[in-house]
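Worksheet: one structure, shown below.
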Amino acid sequence: MLLPLLLALSPAPGPVIANGPVVAVLENRRQPKPDGMDEVQPVATVRVDGKVVGQLMGALRIGPGSIDSVLQVVEMDPANPYPEVLLSTFTGGAHCCNDTRVLTSSPDGRRWFEVRRDPVNGGPNGASDPLGNGRFLLVDVDNRFLYQFASYAGSSAPSQIWQLEGPRFVDISHQPAVLPLHRRRLQEMESWFKQPADQRTEANGFLAAWVATKALVGEFDSGWKRMLGLYDRSSDWGLTSCEAGYNDKGECRQPERRYASYPEALRAFLRRTGYLPSASP
(Lines give C-alpha, C1' and ligand atoms only; values in the text may rest on other atoms or scores of the structure.)
Protein backbone atom coordinates (compact mmCIF):
# COMPACT_ATOMS: atom_id res chain seq x y z
CA MET A 1 0.00 0.00 0.00
CA LEU A 2 1.34 3.40 -0.94
CA LEU A 3 1.62 5.75 2.00
CA PRO A 4 0.66 9.43 1.53
CA LEU A 5 3.49 11.87 1.05
CA LEU A 6 3.16 15.14 2.98
CA LEU A 7 5.37 17.96 1.81
CA ALA A 8 6.18 21.40 3.20
CA LEU A 9 7.31 22.93 -0.04
CA SER A 10 9.97 25.46 -0.90
CA PRO A 11 9.28 28.14 -3.53
CA ALA A 12 11.27 26.25 -6.17
CA PRO A 13 9.62 23.59 -8.34
CA GLY A 14 10.84 20.07 -8.08
CA PRO A 15 8.88 17.69 -5.77
CA VAL A 16 7.66 14.76 -7.83
CA ILE A 17 5.30 12.02 -6.59
CA ALA A 18 4.45 8.95 -8.66
CA ASN A 19 1.98 6.13 -8.18
CA GLY A 20 1.96 3.77 -11.14
CA PRO A 21 1.52 5.78 -14.34
CA VAL A 22 0.31 8.89 -12.48
CA VAL A 23 2.97 11.52 -11.77
CA ALA A 24 2.39 14.83 -9.97
CA VAL A 25 4.86 17.73 -9.90
CA LEU A 26 4.31 20.63 -7.52
CA GLU A 27 5.71 24.13 -7.71
CA ASN A 28 5.07 27.41 -5.91
CA ARG A 29 4.46 29.97 -8.61
CA ARG A 30 5.58 33.38 -7.40
CA GLN A 31 4.60 36.76 -8.80
CA PRO A 32 6.96 39.43 -7.36
CA LYS A 33 5.42 42.71 -6.23
CA PRO A 34 7.24 46.05 -5.71
CA ASP A 35 6.29 46.13 -2.02
CA GLY A 36 7.86 42.72 -1.42
CA MET A 37 4.49 41.09 -0.66
CA ASP A 38 4.67 38.56 -3.46
CA GLU A 39 1.72 36.51 -4.69
CA VAL A 40 2.44 32.79 -4.32
CA GLN A 41 0.29 29.94 -5.55
CA PRO A 42 1.00 26.18 -5.37
CA VAL A 43 0.29 24.42 -8.66
CA ALA A 44 0.34 20.65 -9.18
CA THR A 45 0.75 19.42 -12.75
CA VAL A 46 -0.43 15.86 -13.33
CA ARG A 47 0.75 13.50 -16.06
CA VAL A 48 -0.35 10.00 -16.99
CA ASP A 49 2.11 8.01 -19.08
CA GLY A 50 3.93 11.29 -19.74
CA LYS A 51 0.86 13.20 -20.99
CA VAL A 52 -0.50 16.20 -19.03
CA VAL A 53 -4.08 15.43 -17.92
CA GLY A 54 -4.70 18.40 -15.65
CA GLN A 55 -3.54 20.87 -13.02
CA LEU A 56 -4.61 21.67 -9.48
CA MET A 57 -4.34 25.32 -8.40
CA GLY A 58 -3.90 25.80 -4.67
CA ALA A 59 -4.90 28.78 -2.55
CA LEU A 60 -3.31 32.09 -3.56
CA ARG A 61 -1.36 33.71 -0.74
CA ILE A 62 0.25 37.12 -0.45
CA GLY A 63 3.47 37.53 1.50
CA PRO A 64 7.08 36.39 1.71
CA GLY A 65 8.17 32.79 2.11
CA SER A 66 6.72 29.52 0.90
CA ILE A 67 3.29 27.95 1.30
CA ASP A 68 2.75 24.80 3.32
CA SER A 69 1.03 22.23 1.15
CA VAL A 70 0.09 18.58 1.11
CA LEU A 71 0.49 16.68 -2.16
CA GLN A 72 -0.56 13.04 -2.52
CA VAL A 73 -1.13 10.46 -5.24
CA VAL A 74 -3.34 7.87 -3.53
CA GLU A 75 -6.33 5.65 -4.21
CA MET A 76 -9.50 7.54 -3.24
CA ASP A 77 -12.04 6.13 -5.72
CA PRO A 78 -11.55 2.52 -6.88
CA ALA A 79 -14.33 2.95 -9.45
CA ASN A 80 -11.78 4.31 -11.94
CA PRO A 81 -8.47 2.84 -13.15
CA TYR A 82 -6.09 5.44 -11.69
CA PRO A 83 -5.16 6.77 -8.24
CA GLU A 84 -6.18 10.33 -7.43
CA VAL A 85 -3.98 13.41 -6.99
CA LEU A 86 -4.77 15.54 -3.92
CA LEU A 87 -3.51 19.06 -3.25
CA SER A 88 -4.34 20.69 0.09
CA THR A 89 -3.23 24.24 0.89
CA PHE A 90 -3.90 26.92 3.49
CA THR A 91 -5.76 30.08 2.55
CA GLY A 92 -4.54 32.06 5.57
CA GLY A 93 -6.51 33.59 8.42
CA ALA A 94 -6.85 32.96 12.13
CA HIS A 95 -9.09 29.89 11.84
CA CYS A 96 -9.44 29.28 8.13
CA CYS A 97 -9.10 27.56 5.75
CA ASN A 98 -8.06 24.21 4.38
CA ASP A 99 -8.48 24.29 0.59
CA THR A 100 -8.51 20.70 -0.73
CA ARG A 101 -8.76 19.77 -4.40
CA VAL A 102 -8.56 16.35 -6.03
CA LEU A 103 -7.89 15.43 -9.65
CA THR A 104 -9.67 12.20 -10.54
CA SER A 105 -10.60 10.33 -13.70
CA SER A 106 -13.84 9.09 -15.18
CA PRO A 107 -14.67 5.37 -14.82
CA ASP A 108 -13.13 4.63 -18.23
CA GLY A 109 -10.02 6.69 -17.43
CA ARG A 110 -10.36 8.89 -20.52
CA ARG A 111 -11.36 12.14 -18.83
CA TRP A 112 -9.85 13.88 -15.80
CA PHE A 113 -11.64 16.48 -13.70
CA GLU A 114 -11.27 18.36 -10.44
CA VAL A 115 -13.37 17.77 -7.33
CA ARG A 116 -13.12 20.44 -4.66
CA ARG A 117 -14.13 20.01 -1.07
CA ASP A 118 -15.75 22.98 0.63
CA PRO A 119 -13.12 24.88 2.67
CA VAL A 120 -12.96 23.87 6.32
CA ASN A 121 -11.16 25.12 9.39
CA GLY A 122 -7.44 24.41 9.72
CA GLY A 123 -4.30 24.09 7.68
CA PRO A 124 -3.38 21.62 4.93
CA ASN A 125 -4.66 18.12 5.59
CA GLY A 126 -4.18 15.08 3.42
CA ALA A 127 -6.16 11.91 2.94
CA SER A 128 -5.52 8.79 5.03
CA ASP A 129 -6.46 5.12 5.09
CA PRO A 130 -7.88 4.83 8.63
CA LEU A 131 -9.78 1.61 7.90
CA GLY A 132 -6.74 -0.11 6.40
CA ASN A 133 -8.58 -1.22 3.27
CA GLY A 134 -6.52 0.74 0.74
CA ARG A 135 -9.14 3.44 0.13
CA PHE A 136 -8.03 6.87 1.28
CA LEU A 137 -10.57 9.13 2.99
CA LEU A 138 -10.68 12.71 4.26
CA VAL A 139 -11.02 12.59 8.04
CA ASP A 140 -11.75 15.91 9.70
CA VAL A 141 -14.08 17.31 12.35
CA ASP A 142 -17.63 18.59 11.95
CA ASN A 143 -17.06 22.35 11.70
CA ARG A 144 -20.68 23.07 12.67
CA PHE A 145 -19.73 22.43 16.31
CA LEU A 146 -17.07 25.15 16.38
CA TYR A 147 -18.33 28.22 18.29
CA GLN A 148 -21.74 26.62 18.74
CA PHE A 149 -21.62 26.17 22.53
CA ALA A 150 -18.23 27.62 23.44
CA SER A 151 -15.38 29.75 22.16
CA TYR A 152 -13.19 28.37 19.39
CA ALA A 153 -10.58 27.24 21.92
CA GLY A 154 -13.27 25.64 24.10
CA SER A 155 -15.07 23.88 21.26
CA SER A 156 -14.75 20.23 20.36
CA ALA A 157 -16.30 18.33 17.46
CA PRO A 158 -17.07 14.78 16.37
CA SER A 159 -15.12 13.24 13.51
CA GLN A 160 -16.47 13.78 10.02
CA ILE A 161 -15.40 11.38 7.27
CA TRP A 162 -15.62 12.12 3.56
CA GLN A 163 -15.33 9.62 0.73
CA LEU A 164 -14.71 10.49 -2.92
CA GLU A 165 -17.36 9.03 -5.19
CA GLY A 166 -16.97 10.17 -8.78
CA PRO A 167 -17.59 13.92 -9.06
CA ARG A 168 -18.31 14.60 -5.39
CA PHE A 169 -17.31 14.01 -1.80
CA VAL A 170 -19.87 12.08 0.24
CA ASP A 171 -20.17 12.35 4.03
CA ILE A 172 -20.02 8.76 5.28
CA SER A 173 -19.76 9.65 8.98
CA HIS A 174 -23.05 7.89 9.78
CA GLN A 175 -22.26 4.66 7.94
CA PRO A 176 -21.57 1.45 9.95
CA ALA A 177 -18.22 0.93 8.20
CA VAL A 178 -16.66 3.88 10.02
CA LEU A 179 -17.89 2.97 13.52
CA PRO A 180 -14.34 1.97 14.56
CA LEU A 181 -13.19 5.54 13.89
CA HIS A 182 -15.88 7.00 16.15
CA ARG A 183 -15.11 4.49 18.89
CA ARG A 184 -11.46 5.48 18.65
CA ARG A 185 -12.49 9.11 18.94
CA LEU A 186 -14.48 8.32 22.09
CA GLN A 187 -11.43 6.73 23.65
CA GLU A 188 -9.42 9.86 22.91
CA MET A 189 -12.11 12.00 24.53
CA GLU A 190 -12.09 10.03 27.78
CA SER A 191 -9.13 12.04 29.08
CA TRP A 192 -11.45 15.04 29.54
CA PHE A 193 -13.43 13.22 32.24
CA LYS A 194 -10.24 12.48 34.17
CA GLN A 195 -9.46 16.17 34.66
CA PRO A 196 -10.31 17.90 37.94
CA ALA A 197 -13.71 19.57 37.72
CA ASP A 198 -12.21 23.07 38.01
CA GLN A 199 -10.09 22.42 34.90
CA ARG A 200 -13.00 21.49 32.65
CA THR A 201 -13.36 24.96 31.20
CA GLU A 202 -16.20 25.57 28.72
CA ALA A 203 -17.60 22.13 29.41
CA ASN A 204 -20.59 22.59 27.13
CA GLY A 205 -18.38 22.86 24.04
CA PHE A 206 -16.79 19.49 24.78
CA LEU A 207 -19.98 17.74 25.88
CA ALA A 208 -21.80 18.63 22.66
CA ALA A 209 -19.15 16.80 20.62
CA TRP A 210 -19.02 13.90 23.05
CA VAL A 211 -22.79 13.35 23.06
CA ALA A 212 -22.84 13.55 19.24
CA THR A 213 -20.09 10.93 19.04
CA LYS A 214 -21.97 8.71 21.50
CA ALA A 215 -25.00 9.03 19.19
CA LEU A 216 -22.88 7.91 16.22
CA VAL A 217 -21.99 4.65 17.97
CA GLY A 218 -25.54 3.98 19.19
CA GLU A 219 -24.97 5.07 22.80
CA PHE A 220 -26.87 8.35 22.85
CA ASP A 221 -29.01 7.59 25.92
CA SER A 222 -26.06 6.82 28.21
CA GLY A 223 -24.15 9.81 26.86
CA TRP A 224 -27.10 12.14 27.40
CA LYS A 225 -27.59 10.96 30.96
CA ARG A 226 -23.94 11.57 31.81
CA MET A 227 -24.01 15.01 30.16
CA LEU A 228 -26.94 16.09 32.32
CA GLY A 229 -24.79 15.79 35.43
CA LEU A 230 -21.80 17.65 34.00
CA TYR A 231 -22.92 20.57 31.85
CA ASP A 232 -22.33 24.19 32.85
CA ARG A 233 -25.68 25.67 33.84
CA SER A 234 -24.23 29.18 34.10
CA SER A 235 -23.27 29.42 30.41
CA ASP A 236 -25.74 30.90 27.93
CA TRP A 237 -23.52 30.25 24.90
CA GLY A 238 -25.62 28.66 22.15
CA LEU A 239 -28.98 29.26 23.77
CA THR A 240 -29.81 31.83 21.09
CA SER A 241 -29.81 30.42 17.57
CA CYS A 242 -30.41 31.82 14.07
CA GLU A 243 -31.97 28.72 12.54
CA ALA A 244 -33.26 30.36 9.35
CA GLY A 245 -29.80 31.41 8.20
CA TYR A 246 -28.37 34.85 7.46
CA ASN A 247 -28.95 37.20 4.54
CA ASP A 248 -26.26 39.05 2.56
CA LYS A 249 -26.13 41.74 5.24
CA GLY A 250 -25.40 39.22 7.99
CA GLU A 251 -28.89 39.57 9.47
CA CYS A 252 -30.94 36.60 10.62
CA ARG A 253 -33.73 35.93 8.10
CA GLN A 254 -36.18 35.24 10.91
CA PRO A 255 -36.21 36.16 14.60
CA GLU A 256 -33.62 34.17 16.52
CA ARG A 257 -34.85 31.30 18.65
CA ARG A 258 -34.10 31.33 22.36
CA TYR A 259 -33.77 28.04 24.24
CA ALA A 260 -34.42 27.74 27.95
CA SER A 261 -31.42 25.51 28.72
CA TYR A 262 -28.32 23.91 27.28
CA PRO A 263 -29.88 20.42 27.06
CA GLU A 264 -32.82 21.85 25.10
CA ALA A 265 -30.51 23.75 22.75
CA LEU A 266 -28.19 20.77 22.33
CA ARG A 267 -30.99 18.36 21.48
CA ALA A 268 -32.35 20.75 18.85
CA PHE A 269 -28.86 21.25 17.40
CA LEU A 270 -28.24 17.49 17.17
CA ARG A 271 -31.53 17.10 15.32
CA ARG A 272 -30.69 19.89 12.86
CA THR A 273 -27.27 18.42 12.13
CA GLY A 274 -28.50 14.84 11.67
CA TYR A 275 -27.09 13.23 14.82
CA LEU A 276 -30.61 12.58 16.12
CA PRO A 277 -33.74 11.75 14.13
CA SER A 278 -35.99 14.78 13.82
CA ALA A 279 -38.82 12.87 15.49
CA SER A 280 -36.73 11.83 18.52
CA PRO A 281 -38.17 12.80 21.93
Quiz prompt | Arg233 atom CZ: more than 12 heavy-atom contacts under 6.0 Å | solution =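 Counting other residues, nucleotides and ligands, CZ of Arg233 exceeds 12 neighbours.
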
Quiz item: Does CG in Asp248 sit with more than 12 non-hydrogen atoms of other residues, nucleotides or ligands closer than 6.0 Å?
Solution: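 Not buried by this count: 12 neighbours or fewer within 6.0 Å.
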
Same cluster (ILVMFWY, side-chain, under 4.5 Å), [X] and [Y]:
{"X": "Phe169", "Y": "Val141", "answer": "no"}
{"X": "Met189", "Y": "Leu179", "answer": "yes"}
{"X": "Val73", "Y": "Met57", "answer": "no"}
{"X": "Val40", "Y": "Val43", "answer": "no"}
{"X": "Val48", "Y": "Leu103", "answer": "yes"}

Could you tell me whether the side chain of [Y] reaches within less than 4.5 Å of the side chain of [X], counting heavy atoms only?
{"X": "Met76", "Y": "Thr104", "answer": "no"}
{"X": "Val46", "Y": "Val22", "answer": "yes"}
{"X": "Val70", "Y": "Gln72", "answer": "yes"}
{"X": "Tyr82", "Y": "Val53", "answer": "no"}
{"X": "Ser241", "Y": "Arg272", "answer": "yes"}
{"X": "Arg200", "Y": "Asp232", "answer": "no"}
{"X": "Pro83", "Y": "Val74", "answer": "no"}
{"X": "Val85", "Y": "Leu71", "answer": "yes"}

What pair of heavy atoms forms the shortest contact from [X] to [Y], and how long is it?
{"X": "Gly154", "Y": "Glu202", "result": "CA-OE2, 3.4 Å"}
{"X": "Ala150", "Y": "Gly205", "result": "CB-CA, 3.7 Å"}
{"X": "Thr45", "Y": "Arg47", "result": "CG2-NH1, 3.9 Å"}
{"X": "Ser173", "Y": "Ser159", "result": "OG-O, 4.1 Å"}
{"X": "Pro124", "Y": "Ser88", "result": "CA-OG, 3.4 Å"}
{"X": "Leu228", "Y": "Pro263", "result": "CD2-CG, 3.8 Å"}

Quiz item: Residues sharing Leu131's hydrophobic cluster, by side-chain heavy-atom contacts under 4.5 Å among ILVMFWY, directly or via others?
Solution: Leu137, Val139, Ile161, Val170, Ile172, Val178, Leu181

Quiz item: Does the distance from a Lys or Arg side-chain N to an Asp or Glu carboxylate O, for Glu27 and Arg29, drop under 4.0 Å?
Solution: yes

Do the side chain of [X] and the main chain of [Y] share a donor and acceptor less than 3.5 angstrom apart?
{"X": "Asp129", "Y": "Phe136", "value": "no"}
{"X": "Ser106", "Y": "Arg111", "value": "yes"}
{"X": "Arg101", "Y": "Gly58", "value": "no"}
{"X": "Trp112", "Y": "Gln55", "value": "no"}
{"X": "Glu39", "Y": "Leu60", "value": "no"}
{"X": "Arg135", "Y": "Leu164", "value": "yes"}
{"X": "Arg116", "Y": "Asp99", "value": "no"}
{"X": "Asn143", "Y": "Val120", "value": "no"}
{"X": "Thr91", "Y": "Ala59", "value": "no"}

Quiz prompt | Pairs meeting criterion side chain to side chain donor-acceptor pair (under 3.5 Å) with involvement of residues 213-228, two or more places apart | solution =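 Of all non-adjacent pairs touching residues 213-228, those that pass side chain to side chain donor-acceptor pair (under 3.5 Å) are Arg183-Glu219, Lys214-Glu219.
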
Quiz prompt | All pairs passing ring-ring contact (aromatic ring centres under 6.0 Å, His included) where residues 171-202 contributes a residue, at least two apart | solution =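 Listed by first then second residue: His174-Tyr275, Trp192-Phe206, Phe193-Phe206, Phe193-Trp210.
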
Measuring from [X]:[atom1] to [Y]:[atom2], what's the distance to the nearest 0.5 Å?
{"X": "Tyr147", "Y": "Ser155", "atom1": "OH", "atom2": "OG", "value": "7.5 Å"}
{"X": "Asp140", "Y": "Gln160", "atom1": "CG", "atom2": "CD", "value": "7.5 Å"}
{"X": "Leu56", "Y": "Glu84", "atom1": "CG", "atom2": "CD", "value": "11.0 Å"}
{"X": "Leu266", "Y": "Leu239", "atom1": "CG", "atom2": "CG", "value": "10.5 Å"}
{"X": "Asn80", "Y": "Asp108", "atom1": "CG", "atom2": "CG", "value": "9.5 Å"}
{"X": "Tyr246", "Y": "Arg253", "atom1": "OH", "atom2": "CZ", "value": "10.5 Å"}

Quiz item: Which class fits the ring pair Tyr262 and Phe149: parallel under 30°, tilted 30 to 60°, perpendicular over 60°?
Solution: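 Perpendicular, since the angle between the ring planes exceeds 60°.
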
